[in-house]
Amino acid sequence: MSIELPLDQMSVADKLQMMEKLWANLSQKPEQLPSPDWHREVLLERKRLADEGKLKFVDWDTAILEIRKELGGNSGS
């Protein structure tokens with residue numbers, strides 16, 4: 001199946017919203033999403049940093065809002 005999206009006509013906010021919808025759909029069946037081997041190494045490093053108190057965490061909604069602000073958009077989902 002080939003799907004054409006008007007990417008050149010979409011705003012950054014529109015593209016982010018589309019990505020969020022795609023991820024929400026994909027993540028409904030995590031067993032179907034293979035994880036590359038390098039992800040394990042990244043996660044282990046982040047766990048080490050978290051254990052050492054060197055990471056700051058924010059919830060997903062806050063992260064999305066911060067990203068939108070950095071990109072100059074403030075539309076909600």
Side-chain angles (χ1 to χ4, degrees):
M1 171 190 293
S2 177
I3 298 174
E4 296 290 326
L5 296 174
L7 296 174
D8 292 336
Q9 299 170 16
M10 294 171 70
S11 69
V12 172
D14 291 338
K15 291 174 185 177
L16 284 172
Q17 187 174 19
M18 181 61 62
M19 287 174 41
E20 290 171 19
K21 288 181 180 187
L22 284 169
W23 184 249
N25 181 272
L26 285 170
S27 63
Q28 290 177 359
K29 296 182 181 178
E31 69 279 359
Q32 293 180 355
L33 295 172
S35 182
D37 292 337
W38 63 268
H39 280 191
R40 178 171 164 49
E41 297 305 318
V42 170
L43 291 172
L44 288 172
E45 174 65 7
R46 290 185 182 164
K47 181 181 182 326
R48 182 186 68 76
L49 293 171
D51 291 345
E52 294 174 3
K54 296 181 178 177
L55 292 180
K56 174 189 166 198
F57 295 94
V58 295
D59 63 78
W60 182 248
D61 291 332
T62 301
I64 292 296
L65 287 174
E66 288 178 6
I67 291 169
R68 285 190 174 132
K69 285 179 188 174
E70 285 181 24
L71 294 174
N74 58 7
S75 66
S77 39

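In the hydrophobic clustering of this structure, Ile67 groups with Val12; members are Ile, Leu, Val, Met, Phe, Trp, Tyr whose side-chain heavy atoms approach within less than 4.5 Å, directly or through other members.
Residues that satisfy the side-chain contact (heavy atoms from CB on, under 4.5 Å) test with Ser27, not counting sequence neighbours, are Trp23. Every residue two or more places apart in sequence or in another chain was checked for a salt bridge (Lys or Arg N to Asp or Glu O under 4.0 Å) with Arg46, and none qualifies. Taking Glu52 as the reference, Arg48, Lys54 meet the side-chain hydrogen bond (donor to acceptor under 3.5 Å, both in side chains) condition, with sequence neighbours excluded. In terms of the side-chain contact (heavy atoms from CB on, under 4.5 Å) criterion, residue partners of Asp61 (sequence neighbours excluded) are, by chain and number, Asp59. Among residues two or more places apart in sequence or in another chain, the side-chain hydrogen bond (donor to acceptor under 3.5 Å, both in side chains) test is passed with Lys15 by none. Applying the salt bridge (Lys or Arg N to Asp or Glu O under 4.0 Å) test to Lys21 and every residue at least two apart in sequence or in another chain returns nothing.
Counting only residues at least two apart or in different chains, salt bridge (Lys or Arg N to Asp or Glu O under 4.0 Å) contacts with residues 24-44 are absent.
For Gln9, the CD atom is loosely surrounded, since the number of other residues' heavy atoms within 6.0 Å does not exceed 12.
Nearest heavy atoms, Ala24 versus Gln28: O-CG, 3.3 Å.
The hydrophobic cluster around Val42 extends to Trp38, counting ILVMFWY residues whose side-chain heavy atoms fall within less than 4.5 Å of a member. The hydrophobic cluster containing Leu49 also includes Leu55, Phe57, under a criterion of side-chain heavy atoms closer than 4.5 Å among ILVMFWY residues, counted directly or through chains of members. Met1 belongs to a hydrophobic cluster whose other members, connected by ILVMFWY side-chain contacts under 4.5 Å either directly or through intermediates, are Ile3, Leu5, Leu7, Met10, Met18, Leu22.
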